[in-house]
Amino acid sequence: MQVKFIERKMLAQHVWEYCFTPASQIRYVPGQYAQFSFPSTAATATALQEKPYRTFTLSSHPDDNSVRFLTRLDPPLSHYKNLLAALQPGDLMRMSEPLGDVVLPRLATTPLVFVAQGIALASYLSMLTECAAAKKAHAITLIWARQREDDPLAQCIPNNLPLLQRVDFHYPVSVGASTVLPHIQASSLIYLSGSQTFVETLGDDLESSGVSRSRLIYDYYEGYPEL
Ligand SMILES: Cc1cc2nc3c(=O)[nH]c(=O)nc-3n(C[C@H](O)[C@H](O)[C@H](O)COP(=O)(O)OP(=O)(O)OC[C@H]3O[C@@H](n4cnc5c(N)ncnc54)[C@H](O)[C@@H]3O)c2cc1C
């Protein structure tokens, strides 16, 4: 589907929110992602021949009129991100059908532990908005590790969630199993979102500490050594 670029907003140093209007209504579930690509021209075909698209988690909510995602534009930029940085209002991109199963569980009372590294906080924004809008009963612990420069991204976290507990860490303090375990209840689902190394290391540590694999939900952002 075609989407029209509306605007980008700087949310923190090097972190931008991109906003598009879709050509027709897009159905998706909070937490899903989509692949975004540029119209094919000789220039984009050469610059992006290896990988013509990037995947972004939709930070918008399905009831919104726009679709949005967050991304880091920290030089040196890839060819793709250079094109993203040069977008002008009215420019068109293509967005794939939304995909992914990093979504809310059906049972609204399941306690949730959301672990995010830096801008991978984006994975949870639509789900948090859904919990606030639908007054879902999930008790949610959001464990967010980041560099101090990313602090302004906190403005994206809905502030009308009475059952949300935030646990904040700044680098170089790292989040390990011992940080997460105290927040896990017997029926909790634990979501891990960040770089591949962060997610896999933490997931392995939690499994070694006795957390069942079936309670862990992995979401990693390729292309970022750290977030
Ligand atoms: C399920 C899923 C969800 C995701 N959600 C998000 C999201 O919400 N937000 C988000 O930002 N990302 C998300 N990602 C990751 C995203 O798809 C990209 O991989 C990521 O943003 C890095 O893009 P890139 O173009 O910098 O990557 P790459 O092209 O792999 O580049 C990686 C790094 O290499 C260097 N590099 C590459 N090419 C050049 C060049 N020509 N010159 C100089 N340096 C270069 C740059 O330092 C660049 O940062 C998600 C990925 C997955 C799988």
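Every value quoted in this text rests on a predicted model; they were computed, and no experiment measured them. Atoms within each ligand, like the ligands themselves, are counted from 1 in listed order.
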For Lys136, all residues meeting side chain to side chain donor-acceptor pair (under 3.5 Å), sequence neighbours excluded:
none
Side chain to side chain donor-acceptor pair (under 3.5 Å) filter on Asp168, not counting sequence neighbours, yields Arg146, Arg166
With no hydrogens and no angle check, is any side-chain donor or acceptor of His61 less than 3.5 Å from a backbone partner on Asp63?
yes
Do any side-chain atoms of residues 191-203 form donor-acceptor pairs under 3.5 angstrom with protein atoms, and if so which ones, sequence neighbours left out?
residue, atom, partner, partner atom, Å
Tyr191, OH, Val103, O, 2.7
Ser193, OG, Ser123, OG, 2.8
Ser193, OG, Asp219, OD2, 3.3
Ser195, OG, Gln117, OE1, 3.4
Ser195, OG, Phe198, N, 3.2
Gln196, NE2, Glu200, OE2, 3.2
Thr201, OG1, Thr197, O, 2.6

From Arg68, Arg8, Lys9, residue fulfilling side chain to side chain donor-acceptor pair (under 3.5 Å) relative to Tyr18:
Arg8
To check you understand the geometry: which heavy-atom pair defines the closest contact between Phe5 and Leu87, and what is its length?
CE2-O, 3.5 Å
Pairs under 3.5 Å, N/O atoms on ligand 1 and on the protein: can you put them in a table with the distances?
residue, atom, partner, partner atom, Å
ligand 1, 5 (N), Thr57, N, 3.2
ligand 1, 5 (N), Thr57, OG1, 3.2
ligand 1, 8 (O), Thr57, N, 3.1
ligand 1, 9 (N), Leu70, O, 2.8
ligand 1, 11 (O), Thr71, OG1, 2.6
ligand 1, 11 (O), Tyr224, OH, 2.7
ligand 1, 14 (N), Thr55, O, 3.1
ligand 1, 17 (O), Thr55, N, 3.0
ligand 1, 17 (O), Thr55, O, 2.7
ligand 1, 19 (O), Glu222, O, 2.8
ligand 1, 21 (O), Lys81, NZ, 2.8
ligand 1, 21 (O), Tyr224, OH, 3.3
ligand 1, 25 (O), Arg54, NE, 2.7
ligand 1, 25 (O), Arg54, NH2, 3.3
ligand 1, 25 (O), Ser78, OG, 2.6
ligand 1, 29 (O), Arg54, NH2, 2.9
ligand 1, 47 (O), Pro76, O, 3.1

